Amino acid sequence: MSRYYTFTAEDAVEYARKYGGVADPQSLVTADEIGDGNLNLVFKIRDTTGKSRVIVKQALPYVRCVGESWPLTLDRARIEAETLIIHGQYCPQHTVKVLHHDAELAVMVQEDLSDHQIWRSELVQGKYFPQAASQLGEYLAQTLFHTSDFYQNAQTKKAEVSRFTNPELCQITEDLFFTDPYVDHERNNFDPVLQPEVDALRADKPLRLAVAALKHRFLSKAEALLHGDIHSGSIFVAEGKLKAIDAEFGYYGPVGFDPGSAIGNLLLNYCGLPGLVGVREAADGREQRLKDVRELWLSFSERFLQLAREKSQDPTLAEPGYADVFLQDVWHDAVGYCGAELIRRTIGLAHVADLDSIKDAAMRADCQRHALSLGKWLILTAPQISDVESFIARIRQFS
Ligand code: SR1
Ligand code: MG
């Protein structure tokens, strides 16, 4: 018999008193359920002064944003906690701290980050965090290098691939990223004014082939323990600080998927800015997003190369020059996954505020068309875009 039950606010307070690691547990008195993601319950636990002290997060046995008609494994809570613990081992400064977790209750207690904000909300308001992109690059380099075959013992790594097999969550990505947007599926969600663009995407044979190759690599390339859902809503920022959260999609997959998803979300903001802050005012924000893209990729790739030079354990992968060759493939994958993120967040099930919160309907549709055409073009031209400078130059030309 499973011990699982769905927490009420009172249960969350009681749990936080036991496992929150606070010196004065009896001072914890209230819980606000603040979950605004697609999947879980999230309780902010406050003390008698109203101060938020810890977070209790519990997985529901179904997809929250859809309801009980879409059951979903509770094992995602274990995967999330164990992924964050490993990522925290290699990059503690940019990974939310797990204080306690219980796989059967599908619950995790994590550090309170009330002095941070969700990066997406800040980007939607036109705010700029100049260090966030390079810190995210650092997080990705540390976590992806140290869980890859460059650093892991080959036998240990195979056991880890098995521990982090995450079939149900991976299937969500496989369907929502790579399948649904290109077929007529009831989960898709878009304004009917976009129907001509959607029809054109679905009829585009070279695009469908390129998306098939991206999905195939997502299905089969067990290169490193990915975060698996590293969009700007899975990232907390504060001045000079950044922390990744929400790793329930963690699994061993292609390294390019994480930086590609992250860059895709920066470009969703780039596409939405004219509708969010005004056409003239968008220019500065757009330059900041392109700067973010450059810094994210450069900090990721430079740190990955440094780690490969200094810490590679596999004698063959340590061959001078091999990490550069590997990263070139990662780059091309990342550009493709970035394009797929732009498309699926515009016409698939799960959207983003960077586009959906644009009030003017005509402007919103224009920004969505931009995201769709940019996404399609990135997927198609990924093999020809050699580096981040030409990527940025092409995005500037593309409107
Ligand atoms: C049904 S889950 C929809 C989306 O939310 C998550 O954050 C992932 O991005 C997933 O694709
Ligand atoms: Mg999430």
Side-chain angles (χ1 to χ4, degrees), residues 33-42 55 57-84 87 95-96 98 106 108 110 113 116 118-121 136 139 166-182 185-190 211 214-215 218-219 226-237 242-251 253 257-269 337-356 371 375:
E33 205 284 302
I34 54 157
D36 61 354
N38 293 322
L39 300 176
N40 307 299
L41 290 174
V42 182
I55 298 295
K57 178 172 179 181
Q58 189 183 38
L60 290 164
Y62 53 85
V63 175
R64 182 177 184 168
C65 67
V66 174
E68 296 185 35
S69 61
W70 187 346
L72 191 62
T73 177
L74 293 173
D75 191 42
R76 67 186 194 269
R78 173 192 68 81
I79 298 253
E80 170 168 20
E82 292 182 1
T83 300
L84 290 171
H87 283 189
T95 309
V96 66
V98 177
M108 173 168 74
Q110 63 185 41
L113 292 170
H116 291 59
I118 289 289
W119 197 11
R120 187 183 310 286
S121 317
L136 180 54
Y139 164 79
N166 194 356
E168 287 191 35
L169 280 284
C170 283
Q171 188 174 347
I172 291 179
T173 304
E174 289 148 19
D175 291 342
L176 301 193
F177 245 84
F178 306 112
T179 304
D180 292 2
Y182 307 94
H185 197 287
E186 62 188 10
R187 278 189 298 244
N188 287 327
N189 167 24
F190 56 86
V211 171
L214 288 169
K215 182 174 183 182
F218 184 86
L219 286 161
L226 309 188
H227 177 285
D229 194 26
I230 192 79
H231 55 79
S232 50
S234 299
I235 296 166
F236 269 111
V237 290
L242 174 140
K243 294 253 182 177
I245 60 166
D246 275 6
E248 63 256 77
F249 285 78
Y251 88 115
F257 185 79
D258 272 359
S261 300
I263 293 172
N265 279 271
L266 293 171
L267 293 186
L268 283 160
N269 183 261
Y337 290 125
C338 165
E341 177 72 347
L342 284 165
I343 292 174
R344 73 105 174 189
R345 293 292 191 184
T346 307
I347 62 172
L349 171 76
H351 285 212
V352 290
D354 309 67
L355 294 174
D356 277 26

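These values consider heavy atoms only, across backbone and side chains, with no hydrogens, waters or symmetry-generated copies. We count ligands from 1, going down the list as the structure has it; atoms in each ligand are counted the same way. We number each residue from 1, following the sequence as shown. Model, not experiment: these values are computed from the prediction.
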So the salt bridge (charged side-chain N to carboxylate O under 4.0 Å, His left out) pairs with at least one residue in residues 74-84 (sequence neighbours excluded) are Lys57-Glu80, Asp75-Arg78, Arg78-Glu82, Glu82-Arg163
Contacts of Phe249 meeting ring pair (Phe, Tyr, Trp, His ring centres under 6.0 Å) (sequence neighbours excluded), chain-then-number -> none
For residues 166-179, the salt bridge (charged side-chain N to carboxylate O under 4.0 Å, His left out) pairs (sequence neighbours left out) are Asp175-Arg187
What one should report as the nearest heavy-atom pair of Thr83 and Ala247 is CG2-CB, 3.8 Å
### Query
Hey, are Glu248 and Arg64 close enough for a salt bridge, meaning a charged N less than 4.0 Å from a carboxylate O?
no
What one should report as the nearest heavy-atom pair of Ala244 and Ile230 is CB-CD1, 4.0 Å
What does the contact table look like for ligand 1 (nitrogen or oxygen on each side, cut-off under 3.5 Å)?
from     : atom 1 : to     : atom 2 : distance (Å)
ligand 1 : 5 (O)  : Asn38  : ND2    : 2.6
ligand 1 : 7 (O)  : Asp229 : OD2    : 2.6
ligand 1 : 9 (O)  : Asp229 : OD1    : 2.7
ligand 1 : 9 (O)  : Asp229 : OD2    : 3.4
ligand 1 : 9 (O)  : Arg344 : NH2    : 3.1
ligand 1 : 9 (O)  : Arg345 : NH2    : 3.1
ligand 1 : 11 (O) : Arg344 : NH1    : 2.7

